[in-house]
Undergrad: 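Mind looking over this structure? Questions follow.
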Amino acid sequence: VITVHAVGVASNSNYVIKLEQALISIWPPEFLLYYYIPPVVLPALRPFHVEACFPAKDRVDSVTVTDATGRHDVEVRHDHAFAPPAMDEFIVIARVGTTPPSSCHVIPADHMYIQTHYKTYGPASKADCETWVLGNCTPAA
């Protein structure tokens, strides 16, 4: 089984992003990256990771993925496992328009956050982020 991965950042938190095998009978299979956009969108940057699998008896060197910008030949790496996002990395977010940073929160680096806040420090360890908050952020007004 070969797994195809697509990663990126969506500009709205409620987009549904899917990687689907094209409905044409070719080898190796081709894939389509879809963004399903609801009638009302919630602006917030959200990292995404989607995947699709297909069975393969023979070696596959590349697959084609089509997205809004066109067709892309993507190399299949047989000697590396896909690395999931680092779960031990954190960032500090602060309320937009505050100097010094205010209303700070430490969150996992791969979590989404509302656009009333911005990333002000990180990625770093949780302890480093908490130390940075103590020395650089003011309490919420």
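No hydrogens, no waters, no symmetry mates; every other heavy atom, side chains included, goes into these values.
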Undergrad: Is any side-chain heavy atom of Val74 less than 4.5 Å from a side-chain heavy atom of Phe31?
TA: no
Undergrad: Please check if the number of heavy atoms outside Ile114 that lie under 6.0 Å from its CD1 is greater than 12.
TA: no
Undergrad: Quick check: is Val65 connected to Ile2 through a chain of hydrophobic side chains (ILVMFWY, heavy atoms under 4.5 Å apart)?
TA: yes
Undergrad: Other residues, nucleotides and ligands only: do more than 12 of their heavy atoms fall within 6.0 Å of CG on Leu23?
TA: no
Undergrad: Check for me, please, whether Leu45 and Tyr35 land in the same ILVMFWY cluster - side-chain distances under 4.5 Å, paths through other members count.
TA: no
Undergrad: Are Arg71 and Asp73 close enough for a salt bridge, meaning some N to O gap below 4.0 Å?
TA: no
Undergrad: Given 3.5 Å as the limit, does a donor-acceptor pair link the side chain of Ser13 with the main chain of Ala44, or not?
TA: no
Undergrad: Assigning hydrophobic clusters by single linkage (Ile, Leu, Val, Met, Phe, Trp, Tyr; side-chain heavy-atom cutoff under 4.5 Å), is Tyr34 placed with Val4?
TA: no
Undergrad: Among the clusters formed by ILVMFWY side chains lying less than 4.5 Å apart, do Trp132 and Val106 turn up in the same one?
TA: yes
Undergrad: Hey, could you give me the CG/SG distance between Leu19 and Cys53, rounded to the nearest 0.5 Å?
TA: 9.5 Å
Undergrad: Taking the side chain as everything from C-beta on, heavy atoms only, tell me whether Trp27 gets closer than 4.5 Å to Val60.
TA: yes
Undergrad: Could you tell me how the ring of His117 sits relative to the ring of His105: parallel (under 30°), tilted (30 to 60°) or perpendicular (over 60°)?
TA: tilted
Undergrad: Examine distances only and state if a side-chain atom of Ser103 and a backbone atom of Ala94 form a donor-acceptor pair shorter than 3.5 Å.
TA: no
Undergrad: Consider only side-chain heavy atoms of I, L, V, M, F, W and Y, link residues closer than 4.5 Å, and tell whether Val96 and Leu42 are in one cluster.
TA: no
Undergrad: Please answer whether the main-chain N or O of Val40 pairs with a side-chain N or O of Asn14 as donor and acceptor at a distance below 3.5 Å.
TA: yes
Undergrad: Got a second to check how far Phe90's CZ is from Asp110's CG, nearest 0.5 Å?
TA: 9.0 Å
